[in-house]
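Worksheet for the structure shown next.
What you see is a predicted model, and the numbers here were worked out from it, not measured in a lab.
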Amino acid sequence: MAKEYRTISEVAGPLMMVRGVTDVSYNELGEIELANGEKRRCRVLEIDGTNALVQLFESGAGINLADSKVRFSGKQMELPVSKDMLGRVFDGLGRPIDDGPEIIPDKRLDVNGLPMNPAARNFPNEFIQTGVSAIDGLNTLVRGQKLPIFSASGLPHANLAAQIARQAKVRGTDEKFAVVFAAIGITFEEANFFMDSFKETGAIDRTVLFINLANDPAVERIATPRMALTAAEYLAFDLDMHVLVILTDITNYADALREVSAARKEVPGRRGYPGYMYTDLASLYERAGRQKGKSGSITMIPILTMPEDDKTHPIPDLTGYITEGQVILSRDLYRKGIMPPIDVLPSLSRLKDKGIGEGKTREDHSNTMNQLFSAYARGKEAKELMVILGEAALTDMDKLYAKFSDAFEKEYVSQGFNKDRDIEETLDLGWKLLRILPRSEHKRISDKLLDKYYDEKK
């Protein structure tokens, strides 16, 4: 029987102080029983001698200091895991919210996970097809990679997240593929959008959904991505599945960190975020990857909205340091009606060269990718010159590049949120656009490939 304490001395926001405790450890779970019998969950945040600072998972309203009692469980936060999680919807603390039965667990895992030993990591080198040309063709996602999407308020990152979750697949294998989707601090309307989107297309059958709503406590928001990653680790390393983890929105997670840090009266870092935010984000992102000797893998797409569209804000800034590139959404493209509004020039996948080429995508992938980047960049410059100097100041070749730039945005980048393009379709579309320009302009593509692909449909 767990020892009961009636020594609550203070409740402040999401925090509570319990005095005179013994044998209580950091991160241990506890239960508060109110005078009316209601029970609320909590977790030990700090131990100072016999005083325990406790974090509440629910509201602190109604806790009477004299009549409430606290019991500590001796256990850390755990998630019951089983193959039956696929197709189910959970809240941010891993409790089913889809009217289905409780999960009968194969095992219970600590949600903080075990850091992957760097020496046990396998290098990511296999292509994952998302069905989105601007990612597959130009900023390729590789199995085991962490590739964040940097969005901004009002841009359709939710639609893109749902599209990738529905369409993503490992090609050319019959290996099992699953999606773990964690929605952090979203509205009820967004939660319904994700659930309906997955159910309509049948993608829910291979998806585990964790949904934390904006009106849920900040503490639950901090637990949600850890719950999702624990489920992903079980599916990947126990059941040998390839798991794509999508976390949206990391900005809400970081704001919850800041809220709890402020309640603890910690010294703030940049823009009020705690100084340990880099370490905290790394403890999430670094759970992705591939392990030697195991066929499963975790690939991660964290999505974050940049406050005030600022790439130098601490959240995107630190995320960029830890992850292998970024896909950036553009407000200008969104205004032009280009969906998804992926700005390919500042976007980057640092591992793209490892997952493309013969036997993975196609022999012409690397050459055409470099040529498309180059031609689009020159076309954008030509269009800027046109605005300043007028069209008459452009050479005929500059006009062709400007034409290419428009066609590239309208046909290649813009494909809507329901079209699923395989990599061959994406590469063929790239060649079709490159034919707008004369063959002599394609200096980044070998003559052998030009003979085979550029001339074949002339």
Side-chain angles (χ1 to χ4, degrees), residues 124-143 145 147 169-172 325 327-328 333 338 340 342-386 391 394-415 419-458:
N125 63 1
E126 289 157 289
F127 171 65
I128 288 184
Q129 180 175 291
T130 65
V132 179
S133 289
I135 296 176
D136 292 349
L138 301 171
N139 295 290
T140 314
L141 179 65
V142 181
R143 218 176 93 197
Q145 183 178 4
L147 185 65
K169 58 179 78 70
V170 176
R171 284 165 47 95
V327 172
I328 297 180
L333 292 178
I338 287 165
I342 295 173
D343 195 348
V344 297
L345 292 179
S347 297
L348 167 72
S349 167
R350 292 194 184 101
L351 299 179
K352 64 187 172 197
D353 296 335
K354 306 287 182 278
I356 63 175
E358 201 165 355
K360 294 178 180 176
T361 53
R362 206 167 74 184
E363 58 183 341
D364 57 319
H365 193 157
S366 180
N367 282 192
T368 52
M369 174 175 71
N370 294 333
Q371 191 61 60
L372 285 166
F373 269 124
S374 169
Y376 181 50
R378 184 161 166 193
K380 295 258 285 188
E381 281 174 19
K383 290 189 72 178
E384 283 165 16
L385 273 175
M386 201 187 291
E391 192 171 340
L394 295 186
T395 64
D396 289 342
M397 189 56 75
D398 281 340
K399 286 176 191 168
L400 266 185
Y401 272 104
K403 180 185 170 188
F404 170 87
S405 171
D406 287 336
F408 177 80
E409 287 176 359
K410 287 195 183 80
E411 293 181 46
Y412 193 97
V413 179
S414 189
Q415 65 179 74
K419 181 143 184 65
D420 184 359
R421 287 184 187 153
D422 64 32
I423 188 62
E424 287 79 16
E425 196 179 341
T426 291
L427 292 170
D428 290 344
L429 179 57
W431 279 108
K432 179 189 159 199
L433 292 167
L434 289 173
R435 289 188 197 102
I436 292 172
L437 301 165
R439 176 171 168 150
S440 58
E441 289 296 302
H442 300 318
K443 297 183 177 67
R444 293 167 187 268
I445 303 178
S446 69
D447 286 337
K448 181 184 163 194
L449 290 174
L450 285 170
D451 292 343
K452 183 172 178 182
Y453 292 101
Y454 183 84
D455 295 334
E456 70 171 354
K457 290 174 187 164
K458 265 288 197 185

* Is the number of heavy atoms from other residues, nucleotides or ligands under 6.0 Å of Arg444 CZ greater than 12? -> no
* Asked: Is any side-chain heavy atom of Tyr412 less than 4.5 Å from a side-chain heavy atom of Ile338?
  -> no
* To do: Please examine the side chains of Ser446 and Asn367, heavy atoms only from C-beta on, and report whether any two atoms are closer than 4.5 Å.
  => yes
* Please report the shortest heavy-atom distance between Gly357 and His365, naming the atom on each side. => N-CB, 4.3 Å
* Would you call Lys443 and Asn370 a side-chain contact if the rule is heavy atoms closer than 4.5 Å? -> no
* Asked: Do Lys452 and Asp364 have side chains that get closer than 4.5 Å, going by heavy atoms?
  -> no
* To do: Please test Thr426 against Arg421 for side chain to side chain donor-acceptor pair (under 3.5 Å), starting from the C-alpha separation and ending with a verdict.
  => CA-CA 6 Å; Thr426 291; Arg421 287 184 187 153; 5.3 Å; no
* Decide yes or no for Tyr453 and Leu434: does some side-chain heavy atom of the first lie under 4.5 Å from some side-chain heavy atom of the second? => no
* Could you point out which residue of Asp422, Leu427, Asp428, Ile423 forms a side-chain contact (heavy atoms from CB on, under 4.5 Å) with Glu425? => Asp422
* Answer yes or no: is there a side-chain heavy-atom contact under 4.5 Å between Leu333 and Ile342? => no
* Ignoring hydrogens and geometry, is there a side-chain-to-backbone donor-acceptor pair from Ser414 to Glu411 under 3.5 Å? -> no
* **Distance (rounded to the nearest 0.5 Å) between Leu141 CG and Ile128 CD1** => 4.5 Å
* Asked: Just how far is it from atom OG1 of Thr361 to atom CD of Gln129, taken to the nearest 0.5 Å?
  -> 10.0 Å
* Would you indicate whether the side-chain heavy atoms of Leu372 and Trp431 approach each other to under 4.5 Å? => no
* Asked: Tell me, do Tyr454 and Ile445 make a side-chain contact under 4.5 Å, heavy atoms counted?
  -> no
* Just by distance, do the side chain of Gln415 and the backbone of Ser133 share a donor-acceptor pair under 3.5 Å? -> yes
* Structure fact -> So salt bridge (Lys or Arg N to Asp or Glu O under 4.0 Å) across residues 351-360, not counting sequence neighbours, yields none
* What is the minimum heavy-atom distance between Val344 and Phe408, and which atoms define it? -> CG2-CE2, 3.9 Å
* Asked: Looking only at heavy atoms, what is the nearest atom pair of Pro438 and Leu400, with distance?
  -> CD-CD1, 3.8 Å
* Which pair of non-hydrogen atoms, one from Leu437 and one from Ala375, has the smallest distance, and what is that distance? -> CD1-CB, 3.8 Å
* side chain to side chain donor-acceptor pair (under 3.5 Å): pairs with one or both residues in residues 397-410, sequence neighbours excluded -> Lys336-Glu409, Tyr376-Glu409, Arg378-Asp398, Lys383-Asp406, Thr395-Asp398, Tyr401-Glu441
* To do: State the CG-OG1 distance between Leu138 and Thr368, to the nearest 0.5 angstrom.
  => 8.0 Å
* To do: State the CZ-CG distance between Phe404 and Leu433, to the nearest 0.5 angstrom.
  => 5.5 Å
* Asked: Asp136 and Arg171: salt bridge (charged side-chain N to carboxylate O under 4.0 Å, His left out), yes or no, with the steps?
  -> CA-CA 12 Å; Asp136 292 349; Arg171 284 165 47 95; over 6 Å; no
* To do: Compare every heavy atom of Asp447 with every heavy atom of Arg439, then report the nearest pair and how far apart it is.
  => NH2-O, 3.8 Å
